[in-house]
Trainee: 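My questions all concern the structure below.
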Amino acid sequence: MFHPTAYQGTLEENYETVLLQLKGLTYEESDLIANLSNASALLNQFLEDINWVGFYLNKGEELVLGPFQGLPACIRIPFHKGVCGYAATTKQTVVVKNVHEFPGHIACDGATNSEIVVPILKDGELIGVLDIDSPRLNRFNEIDQKYLEQFVQIIVETIPTN
């Protein structure tokens, strides 16, 4: 049985706990949708000041909505649009302090003011992206980026090699 966790340590200590929790949730499970579903739920209960957390999966030349927590979202995002499309194209994490200043930002939730998008790469191939939105400006920092990249890597390790 699962219960919400009260994270009491430093931000880094709390992220370390979340990484261990994700490893436990994904242990010996190779189904990507199941793992992404639990991963989005885990981040939703852990992260403060967010209004959306979830995944978009690579389907050809666009990203398609996957498991998430939050309000209904855009279903399809072309690679050349928005923060998610930019992260998919560059295969680099993108931290946006103010989404209203990001050229081509896609506003799925009008309350969003900042965003972080982490690409999910397996053997150099784009699987999808982790997208997290916040109503607070400048919500995400280098610590978030470092640990969310590690979080995504744990998920990547569960994906079977073709």
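Heads up: numbering here begins at 1 and tracks the sequence. When reading the values below, keep in mind they use all heavy atoms of this one structure, side chains included, and skip hydrogens, waters and symmetry mates.
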Trainee: CG of Leu22 to CD of Gln150: how many Å apart, nearest 0.5 Å?
Mentor: 11.5 Å

Trainee: Between Ser40 and Ser37, which heavy-atom pair has the shortest distance, and what is it?
Mentor: OG-O, 3.0 Å

Trainee: Give the minimum heavy-atom separation between Ile116 and Gln145, together with the two atoms involved.
Mentor: CD1-CA, 3.9 Å

Trainee: Looking at Tyr86, I'd like to know if its OH atom is crowded, meaning that more than 12 non-hydrogen atoms belonging to other residues, nucleotides or ligands lie closer than 6.0 Å.
Mentor: no

Trainee: Report the distance from atom CG of Leu25 to atom CD1 of Ile154, rounding to the nearest 0.5 Å.
Mentor: 10.5 Å

Trainee: Is the count of non-hydrogen atoms from other residues, nucleotides or ligands lying under 6.0 Å from Lys97 atom NZ greater than 12?
Mentor: no

Trainee: Mind checking whether Cys84 and Leu63 have side chains closer than 4.5 Å, heavy atoms only?
Mentor: yes

Trainee: Do you know the tightest heavy-atom contact between Phe79 and Gly60?
Mentor: CZ-O, 3.9 Å

Trainee: Kindly work out whether a path of hydrophobic side-chain contacts (I/L/V/M/F/W/Y, heavy atoms less than 4.5 Å apart) joins Ile75 to Val129.
Mentor: no

Trainee: Look at the aromatic rings of Trp52 and Phe68 and report parallel, tilted or perpendicular, splitting at 30° and 60°.
Mentor: parallel

Trainee: If Ile, Leu, Val, Met, Phe, Trp and Tyr residues are connected whenever their side-chain heavy atoms lie under 4.5 Å apart, and connections chain through other members, are Val156 and Val53 in the same group?
Mentor: yes

Trainee: Under a 3.5 Å cutoff, is there a donor and acceptor pairing between the side chains of Gln153 and Glu149?
Mentor: no

Trainee: Suppose we screen for side chain to side chain donor-acceptor pair (under 3.5 Å). Which residues come up paired with Thr158, at least two apart in sequence or across chains?
Mentor: Asn35

Trainee: Tell me whether Lys91 contacts the main-chain N or O of Gly124 through its side chain, where contact means a donor paired with an acceptor under 3.5 Å.
Mentor: yes

Trainee: One pair to check against salt bridge (charged side-chain N to carboxylate O under 4.0 Å, His left out): Arg139 and Asp133. What are the steps and the verdict?
Mentor: CA-CA 9 Å; Arg139 160 63 181 85; Asp133 298 347; over 6 Å; no

Trainee: What distance do Leu126 atom CG and Thr89 atom OG1 have between them, rounded to the nearest 0.5 Å?
Mentor: 8.5 Å

Trainee: Check whether any side-chain heavy atom of Phe140 lies under 4.5 Å from a side-chain heavy atom of Ile50, and answer yes or no.
Mentor: yes

Trainee: Under a 4.5 Å cut-off applied to non-hydrogen side-chain atoms, are Tyr7 and Val18 in contact?
Mentor: yes

Trainee: Is the shortest side-chain heavy-atom distance between Ile155 and Leu36 below 4.5 Å?
Mentor: yes

Trainee: Side chains of Leu11 and Tyr147, heavy atoms from C-beta outward: is any pair under 4.5 Å?
Mentor: no

Trainee: With no hydrogens and no angle check, just 3.5 Å: does a side-chain donor-acceptor pair link Asn51 and Thr112?
Mentor: yes

Trainee: If Ile, Leu, Val, Met, Phe, Trp and Tyr residues are connected whenever their side-chain heavy atoms lie under 4.5 Å apart, and connections chain through other members, are Val64 and Leu121 in the same group?
Mentor: no

Trainee: Find out whether Leu42 and Phe151 are in side-chain contact, i.e. whether some heavy atom of one side chain is under 4.5 Å from a heavy atom of the other.
Mentor: yes

Trainee: Just how far is it from atom CD of Glu101 to atom OG of Ser114, taken to the nearest 0.5 Å?
Mentor: 11.5 Å

Trainee: Drop me the distance from Glu29's CD to Thr26's OG1, to the nearest 0.5 angstrom.
Mentor: 9.0 Å

Trainee: Less than 4.5 Å apart, side chain to side chain, heavy atoms only: is that true for Cys74 and Tyr56?
Mentor: yes

Trainee: State, with a plain yes or no, whether a side-chain heavy atom of Asp131 is found less than 4.5 Å away from one of Phe55.
Mentor: no

Trainee: Can you tell me if Asp49 uses its side chain to pair, donor with acceptor, with the backbone of Arg136 under 3.5 Å?
Mentor: no

Trainee: Could you state the interatomic distance from CG (Asn141) to NZ (Lys146), rounded to the nearest 0.5 Å?
Mentor: 11.5 Å

Trainee: Hydrophobic clusters here meaning ILVMFWY residues chained together by side-chain heavy-atom distances under 4.5 Å, can you tell me if Leu148 and Ile143 are in one?
Mentor: yes

Trainee: So, the side chain of Asn113 versus the backbone of Pro135: is there a donor-acceptor pair under 3.5 Å, distance only?
Mentor: yes

Trainee: Looking at residues at least two apart in the chain, or sitting in another chain, which of them share a side chain to side chain donor-acceptor pair (under 3.5 Å) with Glu12?
Mentor: none

Trainee: Between the side chain of Thr10 and the main-chain N/O of Glu13, is any donor-acceptor distance below 3.5 Å?
Mentor: yes

Trainee: Do you reckon Leu71 sits in the same ILVMFWY cluster as Ile77, going by side-chain contacts under 4.5 Å, direct or chained?
Mentor: no

Trainee: Going by the rule salt bridge (Lys or Arg N to Asp or Glu O under 4.0 Å), which residues pair with Asp31 if we only count those two or more places apart in sequence or in a different chain?
Mentor: none

Trainee: Taking Pro119 as the fixed residue, which of Thr93, Ile127, Asn58 is the one that meets the side chain to side chain contact (heavy atoms under 4.5 Å, CB included) rule?
Mentor: Thr93

Trainee: Mark yes when over 12 heavy atoms from residues, nucleotides or ligands other than Glu142 sit less than 6.0 Å from its CD; otherwise mark no.
Mentor: no

Trainee: Starting from the C-alpha separation in whole Å, work towards a yes-or-no answer on side-chain contact (heavy atoms from CB on, under 4.5 Å) for Leu43 and Leu130.
Mentor: CA-CA 11 Å; Leu43 286 176; Leu130 165 62; 3.9 Å; yes

